[in-house]
Peer 1: 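I'd like to ask some things about the structure below.
Numbered from 1 within each chain, the chains take letters A, B, ... in sequence-line order. This structure is a prediction, so every number in the text was calculated from the model and none was measured.
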There are 2 protein chains.
Amino acid sequence: MAATKASTIYDVAKVAGVSHQTVSRLLRGHAGIREETRARVLDAIEQLDYRPNITARNLRNGNTGMIALAIPDLRQPYFAELAQSVIGAARAAGLTVFVETTDGNPERELSVLGGAQSQLVDGVLYIPKSIDADILTAQNIDFPIVLLGDRILNSQFDHVTLPNLEGAKAATQHLISRGRKQVAFIGAEPDTDFGAAALRLRGYRDALEAAGIAYRQELVIFDSEWERHSGASSMKSLLDSGVPFDSVFCCNDALAIGALRTLLSAGLRVPDDVAIVGFDDTEDARFSFPSLTSVSPGRDELARAAVGLLQRRIEEGGARGEREEIVSGYSLAIRESTAGAS
Amino acid sequence: MAATKASTIYDVAKVAGVSHQTVSRLLRGHAGIREETRARVLDAIEQLDYRPNITARNLRNGNTGMIALAIPDLRQPYFAELAQSVIGAARAAGLTVFVETTDGNPERELSVLGGAQSQLVDGVLYIPKSIDADILTAQNIDFPIVLLGDRILNSQFDHVTLPNLEGAKAATQHLISRGRKQVAFIGAEPDTDFGAAALRLRGYRDALEAAGIAYRQELVIFDSEWERHSGASSMKSLLDSGVPFDSVFCCNDALAIGALRTLLSAGLRVPDDVAIVGFDDTEDARFSFPSLTSVSPGRDELARAAVGLLQRRIEEGGARGEREEIVSGYSLAIRESTAGAS
DNA sequence: CTCCACGAGTTTATCGATAAAAAGAGCAAC
DNA sequence: GTTGCTCTTTTTATCGATAAACTCGTGGAG
């Protein structure tokens, strides 16, 4: 069972009684091969169970048909689901995805962009977390890259992003339409005017304004982690503050799940006492109790757009076209957490 | 910015005024290079920002330093968390992980084992889902492979597995120790004597027996999907059956989360009316309300063991040692879902 | 003074594929 | 009968790295 060395194009050629180049031409689908020769070669391929060595092919061609997906952490459901969507979209486009987790750690993020692995792929889909536009620009990146998500918004790079403002606005309006007047906001980030948090806050404010409700600073909770545990403590601090509220918009589902847990633990009823909406429409949202209303950004569409854009850039080669920015659509998945008198 | 072609060892050699082989020797850490030459080469490397082309290296060496992780679906939190653990363990071992999702689809599972990508990696960590031992054996696999998880138990392959029986037994005993007498079981699989489901059922029965409680078929719900939605409907069918029960062991957390949701929707109180335990200790379990008691198999330990075993096999090359089977340890994370009179 | 060992490099071959150039065979046209 | 032109196949070069064989001074032993 000593791993019989895989057969090569030369082995096939020998068996078929032709030169290796003939085999190669057949494999690449080139014309100009006599029917009888073709049959012999195919036979040999079959017989030897030949499979092309992609490493060799990659070396020769200079491209690999792989793209990297640089993503912070698969443990977070949103990222895991997004990764799955990207993998699916890439497969449909004939590409393979190499998932690189960065832990949201600046060094690891940079190493994905510059490290050894980066030559193994034709391009990178990059979900930035701890790197900002300036650092990224300074990296003099010499391969196609598409940003996905919202940490970095105004850079020189192609970008696929979520309908942050619109989604947050729609979610907030939905709460208001259900008769809520004191809408809290969890997930603001200090000191940023761009990025998802700022845009979602903007959408929230727009919705309040449109409804003639005053914006109140004390209803806005800062939270830049956007994870379940932080959502839980953010909600705790909101409750502790004593400021009354009847609903809350959370910047993502993880925050919402955490916040929900804190609310229920505190003996509050959802949605009766407090209604909640999240953002991302992860599967968690469907199975919490009560189930969670959430802004659905259309992950598959997003992934398709990102993969498609990256693929175009790869095909363009050096000739970089105009920078592109794609914003996905959204819909609001309305569930139990915002039920009630409409 | 037309992607200046990356520099090669020949470029470095030219700049340093030596032959390419000298550069290679230096990179590989071979001895026999004068200090002064070394400095010149290092200088050139620095100056050209040279980085070795791993594709070329792979072709020459025949190995890639990558392992594949064949996993059904990243959307399921357990798999996502496991993937993250494997990536971490591999990184610590100096390996890179190539995540391949199979969707639990037989064709895709086989294609991972035989397909083009498989030559790109030195070995495969394989979480089987829809393939059974016979099919797998028939594949005549000629590279190192380690099975992870429990769908296939008695095969010729190395295997890292969970403490299925012991964990399920401990969980059931925990329920019994909390005064529960009518313990239901969700997640049995028909027609299997091996595999996780069967072993966990065995553990459940052992615990009942040890406590002198009769095993009752009508409390055992079949469910081979082990996902949230199926857990929800399994619980629904249990409730519909009218058979009284005061607690339930679910074969994994996904089932438990789904079941929990159904229970709460039905107006039952958890744990007052029904206590629940899950298996896997995913992060979901900590943030549901009530939080979920779960058997924790020590994912990091499991991942380390699997990666370590695979790495040994890779280093051994053809000389395959004795088949190994590793069972991880476990602990019981006790949370709100089983609180109550102890 | 010759021979051999040794350190420090250099040349050459190789991994498995693809691309470009070259070569033979067969046939029509002048 | 030679030239020219397809059609098919073979030869040769190349991608970037590594391994093995080879070269060339130098110094020590005999």
Peer 1: Quick check for you: to the nearest 0.5 Å, what is the distance between A:Ile67 atom CD1 and A:Leu120 atom CG?
Peer 2: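 One finds 13.5 Å between CD1 of A:Ile67 and CG of A:Leu120.
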
Peer 1: So how far is it from A:Tyr126 OH to A:Leu310 CG, rounded to the nearest 0.5 Å?
Peer 2: 14.5 Å

Peer 1: Identify all stems in which DNA chain D takes part, counting only runs of at least 3 consecutive pairs (Watson-Crick or G-U wobble, each distance under 3.5 Å), and give each as one range with another, ordered by first number.
Peer 2: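 Counting only runs of 3 or more consecutive pairs, the stems involving DNA chain D are C:1-30 with D:1-30.
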
Peer 1: Of the non-hydrogen atoms in A:Ala80 and B:Leu74, which two are nearest, and what is the gap between them?
Peer 2: CB-O, 3.3 Å

Peer 1: So what does B:Thr55 touch, heavy atoms closer than 4.0 Å: a base, only the sugar-phosphate, or nothing?
Peer 2: nothing

Peer 1: Do A:Arg304 and A:Glu301 sit within salt-bridge range, that is, some charged N less than 4.0 Å from a carboxylate O?
Peer 2: no

Peer 1: Tell me which residues in residues 11-20 of chain B lie within less than 4.0 Å of DNA chain D, going by non-hydrogen atoms.
Peer 2: B:His20

Peer 1: So, are B:Asp158 and B:Arg312 salt-bridged, with charged N and O less than 4.0 Å apart?
Peer 2: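 B:Arg312 and B:Asp158: not salt-bridged.
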
Peer 1: Report the C-alpha separation of A:Thr64 and A:Asp122 in whole Å, then their side-chain angles, then the decisive distance to 0.1 Å, and conclude whether the side chain to side chain donor-acceptor pair (under 3.5 Å) test is met.
Peer 2: CA-CA 6 Å; A:Thr64 62; A:Asp122 299 337; 3.2 Å; yes

Peer 1: Is A:Asn58 touching bases, backbone alone, or none of the nucleic acid, heavy atoms closer than 4.0 Å?
Peer 2: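 Here A:Asn58 touches no strand at all.
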
Peer 1: Could you tell me whether A:Arg299 and A:Glu81 make a salt bridge, using a distance below 4.0 angstrom between a side-chain N and a carboxylate O?
Peer 2: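 Yes, this pair counts.
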
Peer 1: To the nearest 0.5 Å, tell me how far B:Glu315 CD sits from B:Gln311 CD.
Peer 2: 5.0 Å

Peer 1: Does anyone know the first and last nucleotide of DNA chain D in reach of chain A, 5' to 3', at under 4.0 angstrom to a heavy atom?
Peer 2: D:dT8 to D:dG16

Peer 1: Decide whether B:Ser130 and B:Glu109 meet the rule of one side-chain donor and one side-chain acceptor closer than 3.5 Å.
Peer 2: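 Yes, side-chain donor-acceptor contact under 3.5 Å.
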
Peer 1: More 5' along DNA chain D: A:Arg60 or B:Leu27, using each one's nearest nucleotide?
Peer 2: A:Arg60

Peer 1: Under 4.0 Å between any heavy atoms, over every strand shown, what does B:Thr22 touch: base, sugar-phosphate, or nothing? Just pick one.
Peer 2: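 Here B:Thr22 touches the bases of the nucleic acid.
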
Peer 1: Between the side chain of B:Arg40 and the main-chain N/O of B:Ala16, is any donor-acceptor distance below 3.5 Å?
Peer 2: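 Flag set: sc B:Arg40 to bb B:Ala16 pair under 3.5 Å.
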
Peer 1: Taking for each residue the nucleotide of DNA chain D bearing the nearest heavy atom, is the 5' side occupied by B:Ala56 or by B:Arg25?
Peer 2: B:Ala56

Peer 1: With sugar-phosphate meaning primed atoms plus P, OP1 and OP2, does A:Ile54 contact a base, only sugar-phosphate, or nothing at under 4.0 Å between heavy atoms?
Peer 2: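 Nothing, no nucleic acid heavy atom in range.
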
Peer 1: With no hydrogens and no angle check, do the side chains of A:Asp300 and A:Ser85 hold a donor and an acceptor under 3.5 Å apart?
Peer 2: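 On atom types as modelled, these side chains qualify, holding a pair under 3.5 Å.
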
